[in-house]
J.: 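One structure, as structure tokens, below. Some questions next.
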There are 2 protein chains.
Amino acid sequence: MRSKKRTTIYDIAEKLNLNPSSVSRALNNSSSVNDATKKLILKTAKELNYTRNTLASNLRKGHSKTIGVVVPRINQNFFSNVIAGIEDATYKQGYNLVICQSNELYEKEVQCVNTLINQHVDCVVISISVETTDHKHLQNILDHGIQLIQFDRVADELETLKVTNDNEQSSFEAVCHMIKQGYKRVALLEGPQKLNIFRQRKNGYLRALEENGLPVIQELMIENAWTKELSANATRQLLSLPQPPDAIFASTSDFSALGVLEVATAMTVKVPEELGICGYSNEDFTEITSPSITTIDQFSFYMGKTVANLYFQEMENTDTMVVPKIISIKPKLITRSSTQKS
Amino acid sequence: MRSKKRTTIYDIAEKLNLNPSSVSRALNNSSSVNDATKKLILKTAKELNYTRNTLASNLRKGHSKTIGVVVPRINQNFFSNVIAGIEDATYKQGYNLVICQSNELYEKEVQCVNTLINQHVDCVVISISVETTDHKHLQNILDHGIQLIQFDRVADELETLKVTNDNEQSSFEAVCHMIKQGYKRVALLEGPQKLNIFRQRKNGYLRALEENGLPVIQELMIENAWTKELSANATRQLLSLPQPPDAIFASTSDFSALGVLEVATAMTVKVPEELGICGYSNEDFTEITSPSITTIDQFSFYMGKTVANLYFQEMENTDTMVVPKIISIKPKLITRSSTQKS
DNA sequence: CATTAAAAAGCAATCGATTGTTTTAATTTA
DNA sequence: TAAATTAAAACAATCGATTGCTTTTTAATG
């Protein structure tokens, strides 16, 4: 099994009494090979079951036609959709994807990045882990002359190509929507503020309160409620307040929103009449809970495509300097029953 | 950006007035390099920001330390979990993953496979598309001396390493469970019978009927109901029958089960009292529908790990022949409200 | 028919790391 | 101190494809 030798251009050359270079050119459809011999070479290649050794080819050519992707978790809806989007776009260009997951661990993220650098990928696409505050490893990518595109969770300090969601604006709109529905005490479940996306969402929330002339109430803002369980706990705490909120913006995820909904139901607090709920991400299940959950769609698949296309675009300006560029995608508020107070 | 030249072992050698071979050996911690020089080389390598060119290394070594994965869709819970499992296991061994998606298209699947062969991956892990009936491309993998592992949706005819779910048994148990709950007319929503997994599930269904002395009723078995929409249609059709079923086994997926549930609710058919529902896959949402949906857990993450470990195991028997081997994982029935008739 | 231009094929270096073999240097033994 | 042994480093070929340059062959032109 493992010792089977593969056909190379030398084998083809030898069989046809030609020079390997001609074989190579023929296989690359160069015009400096006679059509007849070209046909002959192609035929023989097929006969001998030849396939190009991409390793050798890329080594010679100086690139790998490979894009490395690092995400916290592959099996998370948002990320797997982004990856699917990237794959969709890169595949057409003959590029391959090498996927790594950091598992939200800084150490593993650094390892992943190093592996990708070793692999000589042409580009690294990354969404950083929650633990990541230091960016030496990202700088290292750049130092190796490798293109770097950050998406979603990006390191603001590092000037690179970025594709982000406009978290601030979408959160603003979500909270405005809730206020317009008549909710007056809107609570916020925050994610780790280390991550810029969660800071932005908080800012959107604050701006919405402000623009609607509502006070900012500290006890209605719960830090680090970014899992279903943490959100459930937070909800219990919030609903037991002397002055409980009449709405909760689970800015971290739909899973958090789900946690809220479950606790509310358990405590016989009526949603949406007594409590409005808004999540984030538009997971499939938000449509089918009862009541269905208002949320924000991030266009994850499209985001992936955007990332890929950004790379190909930048590829083309060979000689010009790389200018840090940020593409911001505007997420869409999906209003559902969980916020239909009226 | 793109013209930045990377440090090679030659650069290090030149700087230290040594031979590249010594540098290489030092970096590989060979014993035939003096400890002092080894340290010096390592230090210089770090200074010059050296990283090994895996392309060159692999070319020389004759392998790529890369595993190619082909799945119908990356962003499908089951598959992304399997991939996460594979990644988890392979990462530790210093292997990389190249991921492709066939989008359920035969043509694209063939293309993916060819790319992976070109890439000289060490192993291809595949779950075939719904369109795939022909297996030349898989044979081709073998012919190139590349290890091949099929999982979940496998081509029975091709003798390779396989990791599968025991679909027959789990379906049998699911239907038995429903019958035990008192359901007497259990309908079946089938997937495309081209795929062996769907054939097996049907067999399990049939065996359950037989062993419980229930008749097989043709009009209760609906072909090709493998999306939410198709299942919804099928359900409408089933529930309008003069003698409608009192339970539906949506053997294709939980999404199908969801379709069933929605139609039942719309038609004011009470679940589980008047209609039992069982899905397949244990998607997250099955827990939170009302009622929650009985389903079957496939241990997808574990399945991925199993695939990876199978490869590493087989790696070790260098000289022995590869014996076709099948690892069958027993899925687990998760009983929930949607089948609690009593 | 000789000369020139163009087409086709061959030659050889290159990408960067690895590794079997040889040479040199250092150390040990007689 | 010379010979033998061992350690360390140098040399050179190799993996397979690509590509600039040279040579050979063929076709075209005057």
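Quick caveat: nothing in here was measured; it's all calculated off a predicted structure. Within every chain, numbering begins at 1; the chains are lettered A, B, ... in the order of the sequence lines, protein sequences first and strands thereafter. For the numbers below, each heavy atom of this structure counts, side chains included, while hydrogens, waters and symmetry mates do not.
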J.: Measure from CG on Leu55(B) to C1' on dA17(D) and round the result to the nearest Å.
T.: 12 Å
J.: Among dG16(D), dA10(D), dT18(C), which nucleotide has an atom closest to any side-chain atom of Ser22(B)?
T.: dA10(D)
J.: Mind checking Asn58(A) for me? I need base, sugar-phosphate or nothing, with any heavy atom below 4.0 Å counting as a touch.
T.: nothing
J.: When the distance from CZ of Arg60(B) to C1' of dT19(C) is rounded to whole Å, what number comes out?
T.: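 That distance rounds to 5 Å.
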J.: From OH of Tyr50(A) over to C1' of dA17(D), roughly how many Å is that when rounded to an integer?
T.: 7 Å
J.: Assign the ring pair Phe312(B) / Tyr95(B) to parallel, tilted or perpendicular, where the plane angle (0 to 90°) is split at 30° and 60°.
T.: perpendicular
J.: Could you check how far NE2 of His63(A) sits from C1' of dA17(D), rounded to whole Å?
T.: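 Taking atom C1' of dA17(D) as the reference, NE2 of His63(A) is at 12 Å.
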J.: Take atom CZ of Arg6(B) and atom C1' of dT14(C), then tell me their distance rounded to the nearest Å.
T.: 18 Å
J.: Tell me whether Glu131(B) is salt-bridged to Lys194(B), with the criterion being a basic N under 4.0 Å from an acidic carboxylate O.
T.: no
J.: Asn53(A) side chain: which of dA17(D), dT18(D), dT18(C) is closest?
T.: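 Minimum distance to the Asn53(A) side chain belongs to dA17(D).
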J.: Counting side-chain heavy atoms from C-beta on, which of dA10(D), dT19(D), dG16(C) comes nearest to Asn19(B)?
T.: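 Nearest to the side-chain atoms of Asn19(B), counting from C-beta on, is dA10(D).
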J.: Among the nucleotides dA17(C), dA9(C), dT18(D), which one has an atom lying closest to any side-chain atom of Thr37(A)?
T.: dA9(C)
J.: How is Leu18(B) classified with respect to the nucleic acid when contacts are heavy atoms under 4.0 Å: base, sugar-phosphate, or nothing?
T.: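 Counting heavy atoms under 4.0 Å across all strands, the contact made by Leu18(B) is with sugar-phosphate only.
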J.: Hey, is the main chain of Thr51(A) close enough, under 3.5 Å, to the side chain of Asn118(B) for a donor-acceptor pair?
T.: no
J.: Can you tell me whether the side chain of Arg25(B) and the base of dG20(C) have a donor-acceptor pair closer than 3.5 Å?
T.: yes
J.: Could you state the CG-C1' distance from Leu59(A) to dG16(C), rounded to the nearest angstrom?
T.: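 Distance check: Leu59(A) CG to dG16(C) C1' gives 6 Å.
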J.: Working note: Lys162(B) + Glu157(B), criterion salt bridge (charged side-chain N to carboxylate O under 4.0 Å, His left out); need CA distance, chi angles, decisive distance, verdict.
T.: CA-CA 12 Å; Lys162(B) 290 172 191 163; Glu157(B) 310 84 296; over 6 Å; no
J.: Quick check: on DNA chain D, is the nucleotide nearest Ile9(A) upstream (toward 5') of the one nearest Ser32(B), or the reverse? Name the residue that is more 5'.
T.: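 Nearer the 5' end of the strand: Ser32(B).
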J.: Is the shortest distance from a Lys or Arg side-chain nitrogen in Glu87(B) or Lys92(B) to a carboxylate oxygen in the other one below 4.0 Å?
T.: no
J.: Would you classify Ser24(B) as touching base, sugar-phosphate or nothing, given that sugar-phosphate means primed atoms plus P, OP1 and OP2, and contacts are heavy atoms under 4.0 Å?
T.: base
J.: Does NZ or CZ of Lys108(B) lie under 6.0 Å from the centre of the six-membered ring of Tyr91(A), at an angle within 45° of the ring axis?
T.: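 Yes, Lys108(B) and Tyr91(A) form such a contact.
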J.: What's the CG-C1' distance between Asp35(B) and dT6(D), to the nearest Å?
T.: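 Computing the Asp35(B):CG to dT6(D):C1' distance gives 16 Å.
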J.: Could you tell me whether Asn17(B) contacts a base, only the sugar-phosphate backbone, or nothing, with contacts defined as non-hydrogen atoms closer than 4.0 Å?
T.: sugar-phosphate
J.: Side-chain N or O of Arg52(A) versus OP1/OP2 of dT18(D): is the shortest distance under 4.0 Å?
T.: yes
J.: Ser31(A) near the nucleic acid: base, sugar-phosphate alone, or nothing, with a heavy-atom cut-off under 4.0 Å?
T.: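 The answer is sugar-phosphate, as Ser31(A) gets under 4.0 Å only of primed atoms, P, OP1 or OP2.
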J.: Can you figure out which of dA9(C), dG16(D), dA17(C) approaches the side chain of Val33(A) most closely?
T.: dA9(C)
J.: Once hydrogens and angles are ignored, does a donor-acceptor distance under 3.5 Å link the base of dC11(D) to the side chain of Ser21(B)?
T.: yes
J.: Which of these nucleotides, dA9(D), dA9(C), dG16(D), is closest to any side-chain atom of Asn34(A)?
T.: dA9(C)
J.: Take atom OH of Tyr10(A) and atom C1' of dG10(C), then tell me their distance rounded to the nearest Å.
T.: 13 Å
